[in-house]
Structures are given as structure tokens and as C-alpha cells.
Amino acid sequence: MKTKQPFVRIVRRTDFPLWAMIIINIAAVLVAVGIGAILLAAIKVDPFVYYKDMFTIGTIDNRFAYKNFEGLIEFFVPLLITSLALALTFKMKFWNIGGEGQFIMGAISSATVALLLGNSLPSWLTLIMMAVCGAVSAGIYGLVVAFFKVKWGTNETLMTLMLNYIALYALKYFGETQAGWNFFLSGESVRPVFATFPESAWMYTIKIGKFSLNITLVIAILLCALIYIYMKKTKHGYEISVVGDSQSTAKYAGMKVGRIVMRTMFLSAALIGLAGTFYVSTAHSLSTSVTNNVGWTGIIVAWLSRLNPVMILVTSLLISVLRVGCQTAATNFPVIDSNFADLLQGIILFTVLMADFLTRFKIVFRKNTEKEVEDK
Amino acid sequence: MAEYAIELRNITKTFGSVIANKNITLKVKPGEILALLGENGSGKTTLMNVLSGIYKPDGGQIFVNGKEVSITSPEESKKLGIGMVHQHFKLIDVFSAADNICLGDNSGKFFLSKNRYKKIDDFAKKLGFEIDSRKIVMNMAVSEKQTLEIIKVLYYGAKIIILDEPTAVLTVQETSRLFDILRKMKNEGHSIVIITHKLNEVMEISDRVTVLRKGEYIDTVTTSETNNQKLTELMVGRKINLNIERPVTEKQPPLLEIRNLTVKDDEGNTAINDLSFYIRSGEILGVAGIAGCGQKELCEAIAGLRPIVCGKLIHKGESIAGLSPKKIIEKGIAMSFIPEDRLGMGLSPSLSITDNMLLKNYTQASSKFNPFINRKKGRSDAETVIKDLSIDTPSTETPVRKLSGGNVQKVLVGREIKAGPNVIVTAYPVRGLDINSSYAIYNILNKQKKDGVGILYVGEDLDVMLELCDKIMVLCRGKMMGVVNSCNTTKEMLGLMMTGTENLTAKDGKTPGIAADSNIKEA
Amino acid sequence: MNIQIDALNTVTMFLFNIIVYNIVLLYGTVGEIITEKSGSLNLGVEGTMAVGAIFGYLMGCYTNSMMIGILFSIISAGLCGLLFAFLTVTLQANQNVTGLTISTFGVGLYFFVGKGLGDNFPAMSDYSAISEGANPIYIPFLSDIPVIGKVIFSQNILVYVGVAIAILAWVYLKYTKPGLKLRAIGENPAAADSMGVNITLYKYIHIIIGSAIMGIGGYYMGLVLRGSFEGSSCWTDGYGWIAIALVIFASWSPAKAILGTIIFGFFNTLQSRSGSLAQAFPDFLGWLKDIPAQFYSALPFLITAIVLVAESMRKRKNKNEPSAVGINYYREDR
């Protein structure tokens, strides 16, 4: 190799200590925040003031700080559940990027239940029926894709992408069409406005002083623990890992790969549908921006967390603070709108991907010695 | 003109602790066909990869036309006029023949020339090839693809052409056409190296033969002065005594009976052709054959991973044909196939040893209605296997991917045995292992045998098989050449059967592969 | 009599709008086809177009030059491509996640830059040199043909450029040596590698060129909307995603993408103008107004979903989809 040996080579590595991995990832997030600070300074915003406002989600010196926490939870819960659900399919190397569509399906179905039942049933029963309908309809919406994938090998990435927009325009149709049959809209308004849910369909909250704790937060954290157990401790979780690692090994071990793929996708989509139900029953109505982009953000959260449920809890909290913080900060900084969160979130992912590369590969510089490792 | 078109002197190549080539010398004259003969794992392909710039040798010299060269990349090898036709074609399926050739064209022209089809048709015709340069590769037969690969190599001016097992995928007629082409090329002054282990072809096509065995250079002989017997002897060598124990067991009734089995490979060619044999409890049946003569397909068919075209698979008197892999595992039939890359089948590389232990029995390790996976069992299994086979690993929770090759294999074999099967199908269980680990595995198999397990051992090393196995079945191109008792056969005999020179099934009167005390009641 | 002329005008305007408001799809699609042919699935079309839109617009207004505007949309979008290529080719990051992140990042950057420059951010129509770019160019004689003259031969410069790029891309892929090598990489990188094709270089170049073409599309949206920046919605609003769908519909052919743009553009135009058609032809197109606009919006995605399933059911061996799309190539995995 006297002449052609390239100056730098990339070699796979398998040994990287956990502590170094944690440090390198934290460093990556800090670098991203630093880049954000430079961008802020470039448009003459003091990054320290802005970040202070953002990371505290505007709770400092605020009489209504509890409202901000409620807002945070309203955003955090769907994001957490969606990210967990997506991690299930990603672990299987099945690219469900249809979180948006499945979320909308869940939201539409549970809104249907809420608006049609009205106050006819007790609240707990209404909420349970909403959750079941939301989860099942979203689950079926996801299952269709898994079915095509298993049966004919249809590309699931592109398919779920298409279904996102089909669901979105269905939602817009319900939200923008005034007609006698359209129970989704409020009857009182002249302009098309989504109807407010009857009170039986409002999610329970626990009053702690002025702050009302939404019980979906408790359920979401419980779900996080359950999915952790599901992925790490159950036979199903084990099957998901094997299928994701090597389909031929899974078949060799006698696993029914098609069934596992369909089951997991149904579960994933159903959980996202449940997140949709939780959101609308907390917000008390549908809206055309019901998803708050959690279907997209959830993909980034799941990936940043290496599909680990515990990490997802931490990361989705961080991203929620980022997003809700940007929204509140936007009121104080008219030149920056809430989309700054998108920007920052993107930069974090880019820096973390670069850090991830360092943990997976080694960069070998050309040495003068002729020694080298051959792969066979 | 130098005496030799290509000359390799004392080439040595090691992969870690494995010596693939040791001091190998090879000389090819201009205008001759040299056959490179050797069993699997004798280092033929490694040597040729050194020549084509894929591997860099650890020691030795290469001369092309008398000048010393250093070949560092496939491009450089191409510039030196060396062309290689790989066993697995490097073609783009959706392209036409001409476009596959134009792909390597680095001349300055920006546009594809319109008359490239004609140009390549003419080029092929001039060399005496028949090829439709507009035909899309995926519509081509295997022989056409191979012809295309050869044209591709010649088109870029190769004078030295290496063909790696070119006839493995060809029919008899196609082979003879290929040989006509090779002779023609030879007459035009090309030097050809053909890698093969088919003796009759060596005799037919080559001028001289270089024989390798276990990575070492054995001899070079002139084809016209040798014969099949002598070449087989050179190839397999004298019998070496390994002192592998072969416990004697009582004769038991047949456990697994295979009758008239026919199986196809992934390309739809017949891989196993009307094969009948049986395994008794407490016996090791060896399967010998050159690489790719249907061993993999046979193993997969028994494990239920590959549909069978026709035939019977009878286990303890019950048919297991068409059962799911899971049902077959539950019947106590264990299959472990060590592919060349070791991790391909049977292990989940990112999972821990513990988790890999559970791969086949995770549903049974706890009650059917218990949703949780029983890691405790997996961990204790892992600990036992690590201890029994002295696997070198930091812990039971280490991902299998991080283990070295030999240890990966021990995990796989260890798991299959731990499951307590009554039939073990094991292919190449000692592939790439050092001596001590290999003996550990032989001992384990013998212990299983004494416990009444029927073992099908697909192997490469004839010395080992002669000592370990009770009987040896020889396959050649998916057909059985006969079953011999390893006490009264010779290595040379096996070699002749493997290459299809000797066929015992035709000789003795009785139908081969059918037990006298068969469980199968003929209707 | 008058009614007839009105009806004719309605049809003409309808057809004209199909092209003028949807040529952005052609830019996005052709850019994505070139990217996917190199074996990379870049889901960042939306973000790349948004970045191209804002920087092109901004620099164009700043210098009062359309050329410089376009140049900067090419550069900024090309940088997005470079980022994607660096992450997926050199760092071997997952293509889906990287692409999606570029989409959200790009739109975020669009708003950040747009808002951040607040007051000195001008409306495009204030700049004669820029808004002229949207003026029609009447091709002599041909533009006098009724209906067709207006619809096809009286478009602005970037419409012609877009079609020209699509045709060039088609020729490039089909008839040139680099195009052949590119397709080989998308099909079977290991085989291309063995023939001495520099895979990393080809991937980088084509991902960047693809993104740059998307960037012009973004610039174009700002131009035809004559828009000044407003904070609520992005100019490229959803067009990037339709472009990804169109790649599939056009079965990875830049020539078919022209046709696909017209078909998808037809749906888009129906969505906003079906009312005027129904009014002009109450007798036989009156039913158009009963179909909800959202149906037309969803139609491109619905059709693409059906195409996806149908194509996979046919199990054709000769697929136009590059076999290796979405899979990173790492030589030592051979």
C-alpha cells in the first residue's frame, strides 16, 4: 500500500465505554445550544436572556407559572407516548414515519365518540370509549401499511408518509366544511370552528392548588415503564429485537416474522392514536394542528434516545421544554417565533449524529508503518 | 518476452492467527491454461484475491512479465492486464450487457456513444462470442452472464484472466462451450488461471496444474503426465492420524429417514436431487462434498426453512415435511449451520449471549401464558455453555458480535446441544476454529452420540470425518455418490466420489440410503 | 357570445395556473430523482426548498438582482445537500431520520431568518428587477396561438428553465456516462465499486446538485407568490412532500416528472379554482363544486399510495426504483 492508501480511513468499532458515550452526547447537545446562541446573537438577541426565558418556559416572576406547566404537560404527554411507540417499530427496523397520520386518526375517532355521545354516559366510560376507539382506529391505519409490507414488500417509509397527508386532509375537510351532518363543527359559530367537547369527554385533572395535574401525565409515565418492560423483559420485546437484528435468524428460530411485524405496528400505531385521544380530551376540542408535529418530532426524539424508553423520557422532556419554551419566549422576543425550536432541534440532531459516528466508527489516519488490519 | 506472464514467489497471507497462504509459488506462462486445484479452504481464492488487488500479501513478490510489481487496488490490477471473473457476478441486473461494460469506461467522453452496442457486438464477434449487447442482464441465463463477465474483462485489455470456479453454475453443454472459448483465448496468447476442484475438467482443459492444500503449495504438474488418481492424492494428501475418539454404540432403529428428497436453491436450480438416506440413534453420519453441492439446502430442508419439491422426511415414523421450523424444533431436531461469514444464520449479532441462548426455546422456557421472557434460564444456559466450551467472553451479557469468530461458533454449537435434541444437523461446526476448540466440539458431539442422538455432520476436513463419523455419505452436485463405512474406506476413495469420478450407488445391487428396518411402510 | 369568451378565458387561466403555480413541483421532483438515483432517499425536500426560498429571496432583494437571488438559493440549498451527504455518506447516519430533520430544520431556518430580519425584509414586488422574473416571456408567433399560446408559450423564465432542467436531467441519466455510473450506484454500489466508480464522490455531487435544484424551486415559490414574507406559513407549504410523492408517480424519470407535474398540478388547481370552472360550465361541470377542496389536496398522496401498493404487488423485476435507495454503502461490509 505504498501509494493508494487513503489518508484517513474509517473503521468500525464495537467497544466504546458507556460513560464516554454519555459525555460525548451531552457535549453534542451543548455544542448545538452554543450554535443556537451564535444564531441568536447574529440577529442581536442576547442569547442568555433568551435561553433563560426558554429553558424556564417563562415561569420566573410569573403569577401564572402553573399555566405554563400545564401547557408543557399538554405537549409533553403526546410527544412521550408517540416517541415510545415509534421506538417499538424502529427497533424492528420498520420505518413508521406515519406518526402524524396515526395521531390524527386517533384524534378524529375519539372526537367522534365524544361529540356523538355528548353527556349521555358517565365521564369515565366516555373517556374509556374514546381511548379504545382512538387506539383501535389508529392501530388499523398503521396495520394496513404493515400488511402491505409483509404481503408484498411495499415500502413502508413512503407509504406511511403518504397516509400522513391523507389523514391531514381528511381532518381539514371536517374542520372546514359546514354542513348539517358535520357534527365536528360548532353549531353556533358563523365561521367553521371545531366544536368543544361535552364535559364528560374532558380528561380528569387533579387540583394541586391552582395547578391542575392532568392524569394523562401519570398514565404516560406509567406507559413509559410498561414499554420499557415490554421491550426488555417480555417475549414480544425479545422477538422485536431479533427481527430487527436479522430476519433470517428470526425465521431460523421459528418466529413468524410477518405476524410480529403486523402486531408491533398495530401496537405502535394504537399507542400513537391513544396519544391523539389524550391530546384532544385535554384540549377539549379538535384542531387542524392537533398533532403539534409530534409525529415528526417523535422520530427525532426516538432516534436521539437510541430507542431506549428511559432515554426517551428524558429527551422528550428536553424537547418539550425547548418547544414550549420557544413559544413562551416568542411573546417577549417578537423577532423570533416558535419555529426556532425546529431549528434548534435540528441542530441538536445533527451534532448528536456526528457524536454517534464517533462512537460507532474509528477514524484511522495513515501511518508510515505498513501495518494494517485486514478484514475478512 | 519474459518466460512467465505472471509469477508469484513465496506469497504469504494471514488473517489474524489463520494462515490462508503460506509461501506459495505460482507461475503462469503466456498462452497457457493453468488449473489451480485444491479442496475448500486450501487458499485458492485468497491467492487470486492477492493477485487482483483485493488483499495485500504479508510477504512475497509478484512479477508481471518479469517485472516486479506491487498491486494495491483492483484498478491497478486492471491496468497491469489482470482480469478476474468472480464466482458471484458483479453485474447490474437492470442494465444491458453493453451498459455493464461501459460502466468501467473512464475515457473522457461525456455521452454514451450510440454505437456502443455495435462496438461491443463487434468486439464479441471478433473474439468468437455470441452475445446480444442490448439484452438486459436479469433476462440472461447464468452462462450468458458469465460470458458477459469474460467479455468485460477482455474489453479492458486483460492478458491474464482468472476464473474463480467458473463451471460451478454451468450445465455440461455450457461448460464445454466455455472451454472452447478458453482454448481460443489461449491460442491468442492469453494466460488463464482457472480455479476449480473438478478433476475431469482439470484434465480436459489445463496445460499444467498447481495443487494447494491447507494454504500450502504442494506441487505443480503437467496435465498430460498425470491422472485423476495422482491429482486426488496431491489434493487430499496422505491420511493423517488425528486420534479423534469414536465410541462404539449399539445399533438402534432409524431415527430420521429421508426418502427421494428433491430441493431447489434460491435461483430455482435443483440443489438436492432425489436423495435418500437415514440416520440412526447414536450414530454420526458424515456428509462430504465439494462446496455448494447442496449441503446448505439439505440442512435447510430438514430444519423446515426451505420448501421441498418432493420426497419424504420421516422422524421417528412421523412425517415432518411441511411442518413449520418451530414445530420441527419442538420435535427435537436441532440445526446449526455455520456459514462462511459465521453470523449469517442462527445467531442474532447485537443480542447478548444470554439472549442468543434463548433464541429457540424462549417460548418453552416459561409457561405459554407467561408474557415474560425467562432470562434466568438463558443466563444459566449461557454460563454452562461458556464453562463447558471455555468461551472467552467478558460476561454473559456481551453482544455476540463482539466475540471472536471461534467463540461465536461455540455459542451456536453450545446452544444447539444444550437444547437436548434427538437429531443434530451440524454444518461446518469447526470452521475456523483452533485445534483445542475443535476437539472440544468433537467431544461434545461424541457425548451426544453416546446419549443416543443421531447426528448429521456436514464437514470439510476428510481426515476428521474419517475418524469422527461412523458412516460418510458423499454428495456430488446434489446427487448421492454412495454411503461408505468410514472404517473401511480411504481418503482417496472419498476424493474420487466427491469429484464425481466414482459412483458407488450404481455398483452394489441394493437401493442405497434405505434402511432394512425402515419405519416407512411402503404402500 | 360573451359567455363563450368568458368560458374560454376560464379554461385558459385554469390551464395557465396549472403550470405557473406548480412548476415548483418539477424542481423538487427532478432534484429528488437525481438524489434517489444515487441511492439516497432525502426526505428533506421541504426544508431544502424553504432554505433556498428564503436565502435566494433575501439576497436577491438585497442586491436587487434576480440572478444573485437564484445563485444564493442554489448555494444555500446545496449546503443543505452537503449536510445530508456528509451525515449519510461519510458519517453513515440513517437517511430517513437525517432527511426528516433537514425538513424541520430548514423550515425552522426559514422562519428564523425571515422573522429575524424583520423590518428590512422587503416585499418582492417592491423590487422591479426581481418581480420582472415572474413576468411572462412571450415566445414569438407561438404565443399568439389561442389557449396554448397563453398556457405554454407565455410563461415566465423559470418555467422554461425548470422544463429545461428536467429534460437535461433525463438526457443526463439516460445518455451519458456519468449518468450510467450514477444509476449503477443506485442499483448495486458494490458492483459499481468493483468497476472503479468513485462512489463517495458521485453521491456527494449528485445529492448536492439535487438539493440545489430543489432550492431554485423554493426561490420560484417566493417569486410567483409575489410574496412578502409573512410569519404564518411557509412559501413551500407542503410542496416538498408532494414532490416526494411525485417521484414515485413519475417512476423515477425526469421526463415523466413533467407529465406528473401537470397531473398533480391539475389537482392542485382544481382545489382552488374548481368553483370558477363550475361557474363557467354550469351544465356539465357544475358538479365540481360539490367535491371538497381537501379531496383534491389529498389526491396526489392517495394516488401515490395506490401506485406504491400496485407496483409492489406486480413484483416486477424491472423496477425503476433504484434497488439500493435508502441503504448506506460501506465498502468493508462487502
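Per chain, numbering begins at 1; letters A, B, ... match sequence-line order.
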Leu308(C) versus chain A, the contacting section by heavy-atom distance below 4.5 Å: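 Both parts, backbone and side chain.
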Closest-packed option against chain C by number of heavy-atom pairs under 4.5 Å, given Phe148(A), Trp303(A), Phe90(A):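 Option with the top pair count is Trp303(A).
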Selection from Asn164(A), Ile336(A), Leu158(A) maximising heavy-atom pairs under 4.5 Å formed with chain C: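 Ranked by heavy-atom pairs under 4.5 Å with chain C, first place is Leu158(A).
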Side chain to side chain, [X] and [Y], heavy atoms closer than 4.5 Å:
{"X": "Asp342(A)", "Y": "Phe105(C)", "result": "no"}
{"X": "Thr154(A)", "Y": "Glu311(C)", "result": "no"}
{"X": "Phe112(C)", "Y": "Ile43(A)", "result": "yes"}
{"X": "Thr101(C)", "Y": "Gln345(A)", "result": "no"}
{"X": "Tyr169(A)", "Y": "Tyr296(C)", "result": "no"}
{"X": "Leu43(C)", "Y": "Leu161(A)", "result": "yes"}
{"X": "Ile300(A)", "Y": "Thr104(C)", "result": "yes"}
{"X": "Met354(A)", "Y": "Leu87(C)", "result": "yes"}

Largest heavy-atom contact set with chain A, pairs under 4.5 Å, which of Ala305(C), Gly326(C), Gly238(C): Ala305(C)
Heavy-atom pairs under 4.5 Å with chain A, option from Leu302(C), Asn94(C), Leu100(C) with the top count: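 Highest number of pairs under 4.5 Å: Asn94(C).
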Heavy-atom pair with the smallest gap, counting every atom of Ser312(C) and Gly153(A): CB-C, 4.3 Å
Supply the atom-to-atom distance [X] [atom1] to [Y] [atom2], rounded to the nearest 0.5 angstrom.
{"X": "Leu83(C)", "Y": "Phe350(A)", "atom1": "CG", "atom2": "CZ", "answer": "4.5 Å"}
{"X": "Ser103(C)", "Y": "Trp296(A)", "atom1": "OG", "atom2": "CH2", "answer": "8.0 Å"}
{"X": "Asn155(A)", "Y": "Ile248(C)", "atom1": "CG", "atom2": "CD1", "answer": "7.0 Å"}
{"X": "Thr304(C)", "Y": "Met159(A)", "atom1": "OG1", "atom2": "CE", "answer": "10.0 Å"}

Is [X] close to chain C through its backbone or its side chain, or both, or neither, when contacts mean heavy atoms under 4.5 Å?
{"X": "Leu39(A)", "answer": "both"}
{"X": "Leu40(A)", "answer": "both"}
{"X": "Leu343(A)", "answer": "both"}

[X], [atom1]: over 12 other non-hydrogen atoms inside 6.0 angstrom:
{"X": "Lys149(A)", "atom1": "NZ", "answer": "yes"}
{"X": "Phe72(C)", "atom1": "CZ", "answer": "no"}
{"X": "Phe295(C)", "atom1": "CZ", "answer": "no"}

Name of the residue among Ile299(A), Leu304(A), Ile97(A) meeting side chain to side chain contact (heavy atoms under 4.5 Å, CB included) with Val97(C):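 That would be Ile299(A).
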Steps toward side chain to side chain contact (heavy atoms under 4.5 Å, CB included) verdict (Asn339(A), Tyr110(C)): CA-CA 9 Å; Asn339(A) 288 291; Tyr110(C) 170 90; over 6 Å; no
